[in-house]
Q: 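Have a look at this one.
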Amino acid sequence: MTQLFSDKTRPVHLGPYPLERLARLSEPPLSAPPPMNRLDFHRLETPHSLVNAMGEYQAMMDAIREGLVNSVTSEIPQDKTERSNHLKAFGYFNDASMVGIGTLEKGMHLAAALRNPDIDRLAKDLRTRQTKTLAAGIDMIMADLKESVEATPTNIDSHTHVIVYLYEHNRTPDMSEPGAEWLEDAQDHRACLRATETSCVIANYLRLLGYSARSHSRTTSDIDLNKAAVAAGLAYVENGQLVAPYLGTGFGVAAVTTDMALATDAALSPEQPYLKTHGPTWWVGKHSAKSALNRDPYRKRRYVDGAQSFERLKRVDTPTTYIDEPNVARVPKRADMFARAQFGDMGKINQKNATGGYYVRKSAPSMAQRRALGAFVLLQDGDPSQGPRPDDARRNAENVKAASYFLGVDAVGISRCPDWAWYSHDAAGAEINPPHDQAISMIIDQGFETMEGASGDDWISVAQSMRAYLRFSLLGGVIAKQIRNLGYKAKAHSVMDGEVLQPPLLLLSGLGEVSRIGEVILNPYLGPRLKSGVVTTDMPMAHDKPIDFGLQTFCESCNKCARECPSGAITAGPKLMFNGYEIWKSDSQKCATYRIGTEGGAMCGRCMKTCPWNLEGLFSEAPARWAAMHIPSAAPILAKWDDKLKHGSLNPVKKWWWDLEIQSDGHYAPTDKPVNARDLQPDLDLKYEDQTLAVYPAPIAPHPWPYPFPMDREAGIRAYEAMIPADRYKAALAAGDR
Ligand code: SF4
Ligand code: SF4
């Protein structure tokens, strides 16, 4: 994963590969690409293949590739290059390897459009599937899906441009490596799935902005994607094969066609100046994040181990923060602050800002992600098949981990799923009787590059969260489906519909430690810049152990997140016992109120952005990380050094998004409010004794039902003052006082 040079001066739209160094043609290329083949997601002869589990998700994305176009066109820049740069950057934000834009020629249209036959099967199946997700707006999602499936496809004659998103293959799994059992011949399907996620979201984005747009995949398309890749300057033809620079033949693409006028890329020359493109600067990554050294994180690593050196972390028997397991208080899902805001517990203004997910709708990129996120709710649970029910726990764990990393999850850990990790009641108020006792915790990186350009609480913040939530819903959902295909029960717990508390499961599975931010678990390689998701199951699996990388000492010597939090929600004080957990308990009410209500942006993740553990992943950062992990006494110096280096400040080179806000008629226009653009405030001396924080532990938590339960902030403040440190708590427990 070594990256020798920072790419902080490289704009996001250029992407991780130095495509600007490639030789391009002034005329269309002479050689025609091979015709596009349809991908089939059915492996009946190998029911354990991961390809089978991907099929339902691919069909769902194909089903929502089209949709209503906003009747009012949004106010966006007129400059075609600015638009193209923006849409490319959006693709890179979604982890595309390469993005190119071409003119949509009639010769690109398929004689007969390709339509995924699984769409109809899926729609039929969903009509009979009962879900427990009433509170997640299931009716709305079903209506949307029905409309998409039954709509008569319009033609794309009005479309003038094609945006192509290319996703590279990493090393092809060796069938003898641990965990590769499900991964045979799945590279094309994985790349197709990942590319379709992006094309689906961006087609929806363009429609929200008032432009006609449709997503095209290797399973459902009106155009030949091979021709599109050539026209968009991403690939050339060599010996009858499609070749992408730096990648060769190992990649997959999806595309968006649109009537938005865009600047285009010239086609690639089949003869590239090798020394310029593949010389020493490519080898060391002088001009780009990707280089010959780090292009494929799995080149020398086994999939089962992940891309980072997780095997080097110190493992311990119990988490580094105390959990009083027998006395953890289970609370209803209704206690979640966003639910409380929606039901009016936090007053009328918060209710207005939270109703119908306004904080998501108000920003166009997040609203574009919301549709697929909603659609995936329908797939995240289901009945197990009559599968083989493999019972070798070690092998199952290896297969789960290797498959998750192969798909693109950033970190995976496996643990038990104790009853106390489940909410007491679901979103509709029904009691939860924990159905599964095993948990697969996953984390998704929110991405350093966009975070670097952001204030943390500006107009991209909500899309940063939603991007990671969507990625988990897709990849975690595929893993859950795979387990059900093998005959076990499994459910992916997504942000839209989850029944477990994720932080304790992340701790048990060794994905991080408790941080000062509060409920955020911090990972040594990603910092707090992550979103999590959990798959629960009854499939037996070997468990991972918790980790200890010295974070408790570090956070005791650092309070940068508390200092930089715009709402003052993070404690500058000690860890205290809350509902049976020892944590730095933040004031979730303040945090949620700010995230839902800030007018200078949409949501917030400023604590994640400014934390010293939010690193670019450079080779030069490794010594500081090593010192932070191994020399606890160095923590105060490292925290001060981080401030001196201005880590966590704004880098305008990385800002690619537009500060658009939804208007009363539903279109998007530049916001008329001052945009949050904070810089660090190292001179602020935040004192615990000056903070007034509130918490709502189990005794004052709301009832489980979906109607109001007004918040009593005074009671919350008293509850904060009544919390005690873990040592006093343990002493009281020993004395029988609790
Ligand atoms: Fe923003 Fe909440 Fe983090 Fe504070 S605690 S920085 S309000 S997300
Ligand atoms: Fe811990 Fe400092 Fe990061 Fe806050 S900013 S989570 S105190 S390391």
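Atoms within a ligand are numbered from 1 in the order they appear, just like the ligands themselves.
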Q: Could you pull out the N/O/S protein atoms under 2.8 Å of atom 4 (Fe) of ligand 1, ignoring any water?
A: Cys565 SG
Q: What residues, two or more places apart in sequence or in another chain, satisfy side chain to side chain contact (heavy atoms under 4.5 Å, CB included) together with Lys640?
A: none
Q: Determine the interplanar angle of the Phe93 and Trp656 rings, folded into 0 to 90°, and report it as parallel if under 30°, tilted if 30 to 60°, perpendicular if over 60°.
A: tilted
Q: Within ligand 2, which atoms have a heavy atom of Trp613 less than 4.0 Å away?
A: 8 (S)
Q: Between the candidates Cys558, Ala572, Pro612, which shows the shortest non-hydrogen contact distance to atom 7 (S) of ligand 2?
A: Cys558
Q: Are Asp544 and Ser415 linked by a side-chain donor-acceptor pair shorter than 3.5 Å?
A: no
Q: May I ask you to list the atoms of ligand 2 that are less than 4.0 angstrom from any heavy atom of Cys611?
A: 3 (Fe), 5 (S), 8 (S)
Q: Do any pairs count as a salt bridge (charged side-chain N to carboxylate O under 4.0 Å, His left out) and have a residue in residues 604-627, sequence neighbours left out, and if so which ones?
A: Glu564-Arg606
Q: Is a salt bridge present between Glu661 and Lys673, judged by a nitrogen-to-oxygen distance below 4.0 Å?
A: yes
Q: Under 4.0 Å from a heavy atom of Phe554: give me the atoms of ligand 2 that qualify, with their elements.
A: 8 (S)
Q: side-chain hydrogen bond (donor to acceptor under 3.5 Å, both in side chains) with Asp445: which of Lys531, Arg529, Arg471, Arg467?
A: Arg529
Q: Identify the residue among Asp685, Asp643, Asp683 that makes a salt bridge (charged side-chain N to carboxylate O under 4.0 Å, His left out) with Arg563.
A: Asp643
Q: According to the side-chain hydrogen bond (donor to acceptor under 3.5 Å, both in side chains) rule, which pairs have a member within residues 501-514, sequence neighbours left out?
A: Thr320-Glu513, Gln502-Ser532, Glu513-Gln552
Q: Return the residue, atom name and 0.1 Å-rounded distance of the protein heavy atom closest to atom 1 (Fe) of ligand 2.
A: Cys555 SG, 2.3 Å
